[in-house]
Enquirer: 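The following block contains the structure, expressed as structure tokens.
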There are 2 protein chains.
Amino acid sequence: MSTDRRPYRRETEESRREALIEAALDLVAEGGPQAATVRAIATRAGVTPGLIRHYFASKEELTRAAYRRLVQILTDDSARALRAAPASPTDRLASFVAASLSPPVVDPMRLGLWAGLLNTLRSDPEMRQIHEQGYHSYRDLLEGLIAALPRDAGPEQCRHDAIACNAVIDGLWLES
Amino acid sequence: MSTDRRPYRRETEESRREALIEAALDLVAEGGPQAATVRAIATRAGVTPGLIRHYFASKEELTRAAYRRLVQILTDDSARALRAAPASPTDRLASFVAASLSPPVVDPMRLGLWAGLLNTLRSDPEMRQIHEQGYHSYRDLLEGLIAALPRDAGPEQCRHDAIACNAVIDGLWLES
DNA sequence: TGCGTTGTCATACGGGTGGATAATTCGTGC
DNA sequence: GCACGAATTATCCACCCGTATGACAACGCA
């Protein structure tokens, strides 16, 4: 009479959280927020729905954790590209821009993710805060590179150029 | 005992359809597709839910009509900008690009719309077809303007430049 | 002014699904 | 082996979705 129970392995808290977060991001990227239900996330992560609330107080918290993770990935990718860049200021900027337009930064999945999360960002203040933090750190990176260029330009001008440059990058990023 | 019935006015078929479509677009822009429920659309349009199915066979049909309308708006705006443009090829291109980056083409609502509809576009083939038609007509417009420039460039080059130019425009558009 | 058409309202239904929970089981480290 | 807690299972409840239906009233026309 014993119903056969699904076999399972115990995992570390970190690996489980990671799997759940990744599953959530994948689902949002593919089908928008409405596709990222607790059941779908659990299935994708290879666990049962109940487990989600073992690691996250609510689905909302999981969503926020997922977005935090996404921002971190983007930030890390940018920073890594910069570390491997050449020494000349001009070349540094050029290679940084190039890196921002090639894999793994550019990825169709990321576009879907961004689009899917846009509405959520607008409504949830905490999400918005996470987002702005990441956005500013990227733009500041860009501004630093531009300020290091061998040319005559005040900080005001550099800031303005950084914003414009960022705009162009985002545009090319969209087209991929 | 008679429940007081909400007073109403009879409208033309066109104006009702228009109101429903606009309501649907607004809701998608604000809260994503999941916010555009039959009830919400009806409320926003100032009617009761039942009326939707008086004008559209199903909600899906309304959604498609709404998207068709959006594409038409974008196309019209582009064409209008071009009609008012100067004669010189270089100036024409410049003013067209400028128009693509100012109101009413640029609009935070449109960005939300685009983000919300991205997933829908991916899954619904008919939607995708509507989308590509609009996208191509815009890019062809751009390609025509570029081909008219006073310079030495083959058709292949013009096409390539049009795609790149479109990418940059989209990027600036995103930043608004 | 009265009548018929039909645009519009009101309400209900059947159901799918969403997030949450509580108790149970069994893998695992000691 | 024993105990702890990770993970499963089963279920809850509520909400909201899209659809269907029938009554009512606004407007055009005679």
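Chain identifiers are assigned alphabetically (A, B, ...) following the order of the sequence lines, protein sequences preceding nucleic acid strands; residue numbering begins at 1 within each chain.
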Enquirer: How long is the line joining CZ of A:Arg6 and C1' of C:dG27, in whole Å?
Expert: 15 Å

Enquirer: Quickly work out the A:Gln34 CD to C:dG18 P distance and round it to whole Å.
Expert: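 Result: 11 Å.
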
Enquirer: Ignoring backbone atoms, test whether B:Thr37 places a side-chain nitrogen or oxygen under 4.0 Å from the OP1 or OP2 oxygen of D:dC17.
Expert: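 Indeed, a polar side-chain atom of B:Thr37 lies that close.
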
Enquirer: In whole angstrom, give the distance that lies between atom CD1 of B:Ile52 and atom P of C:dC9.
Expert: 11 Å

Enquirer: Side chain of A:His131, backbone of A:Met127: donor and acceptor closer than 3.5 Å?
Expert: no

Enquirer: Where each residue is assigned the nucleotide of DNA chain D containing its nearest heavy atom, which of A:Tyr8 and B:Gly50 is assigned the position nearer the 5′ end?
Expert: A:Tyr8

Enquirer: Whole-Å distance between D:dC17 C1' and B:Leu27 CG?
Expert: 15 Å

Enquirer: Return the CD1 to CG distance between A:Ile163 and A:Asn166, rounded to the nearest 0.5 Å.
Expert: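 It is 8.5 Å, given to the nearest 0.5 Å.
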
Enquirer: What are the residues of residues 9-18 of chain B, sorted by number, that bring a heavy atom to within less than 4.0 Å of DNA chain C?
Expert: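 Result for residues 9-18 of chain B: B:Arg9, B:Arg10, B:Glu11, B:Arg16, sorted by number.
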
Enquirer: Find the distance between CG (B:Leu142) and CG (B:Leu93) and round it off to the nearest 0.5 Å.
Expert: 6.5 Å

Enquirer: When the distance from CD1 of B:Ile41 to P of D:dC16 is rounded to whole Å, what number comes out?
Expert: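 Rounded to whole Å, this separation is 16 Å.
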
Enquirer: Whole-Å distance between D:dT19 C1' and B:Arg53 CZ?
Expert: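 After rounding, the reported distance stands at 6 Å.
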
Enquirer: How close or far is atom P of C:dG7 from atom CG of B:Leu20, stated in whole angstroms?
Expert: 14 Å

Enquirer: Quick one: B:His54 NE2 to C:dT5 C1', roughly how many Å, whole number?
Expert: 11 Å

Enquirer: Please round to 10 degrees the angle between the axis of the first five pairs and the axis of the last five pairs in the helix from C:dT1-D:dA30 to C:dC30-D:dG1.
Expert: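 End axes: 20° apart.
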
Enquirer: Kindly compute the distance separating CD (A:Glu132) from CG (A:Leu121), expressed to the nearest 0.5 Å.
Expert: 9.5 Å

Enquirer: Check whether the side chain of A:Arg39 and the base of C:dG19 form a donor-acceptor pair under 3.5 Å.
Expert: yes

Enquirer: Using a 3.5 Å distance criterion without hydrogens, assess whether the side chain of B:Arg17 forms a donor-acceptor pair with backbone atoms of B:Tyr55.
Expert: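 Checking the backbone N and O of B:Tyr55 against the side chain of B:Arg17, a donor-acceptor pair under 3.5 Å is found.
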
Enquirer: What is the distance from atom CG of B:Asn119 to atom CD of A:Gln34, rounded to the nearest 0.5 Å?
Expert: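 Between B:Asn119 CG and A:Gln34 CD, I get 6.0 Å after rounding to 0.5 Å.
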
Enquirer: What's A:Val38 touching, base or sugar-phosphate or nothing? Going by heavy atoms closer than 4.0 Å.
Expert: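 Answer is base: heavy atoms of A:Val38 come under 4.0 Å of a base.
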
Enquirer: Around A:Gln133, counting heavy atoms of other residues, nucleotides and ligands shown, do more than 12 lie under 6.0 Å from its CD?
Expert: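 No, the 6.0 Å shell around CD holds no more than 12 heavy atoms from other groups.
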
Enquirer: Determine whether a donor-acceptor pair (one donor, one acceptor, N or O, separation below 3.5 Å) exists between the side chain of B:Arg5 and the base of C:dT8.
Expert: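 Under the 3.5 Å cut-off, the side chain and the base do form a donor-acceptor pair.
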
Enquirer: Would the distance check show the side chain of B:Lys59 and the main-chain N or O of B:Arg53 forming a donor-acceptor pair, the cut-off being under 3.5 Å?
Expert: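 No: the side chain of B:Lys59 does not pair with the backbone of B:Arg53.
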
Enquirer: Within the structure shown, what part of the strands sits under 4.0 Å from A:Tyr55 by heavy-atom distance: base, sugar-phosphate, or nothing?
Expert: sugar-phosphate

Enquirer: With a 4.0 Å cut-off, would you call B:Arg64 and B:Glu60 a salt bridge?
Expert: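 Yes, this pair counts.
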
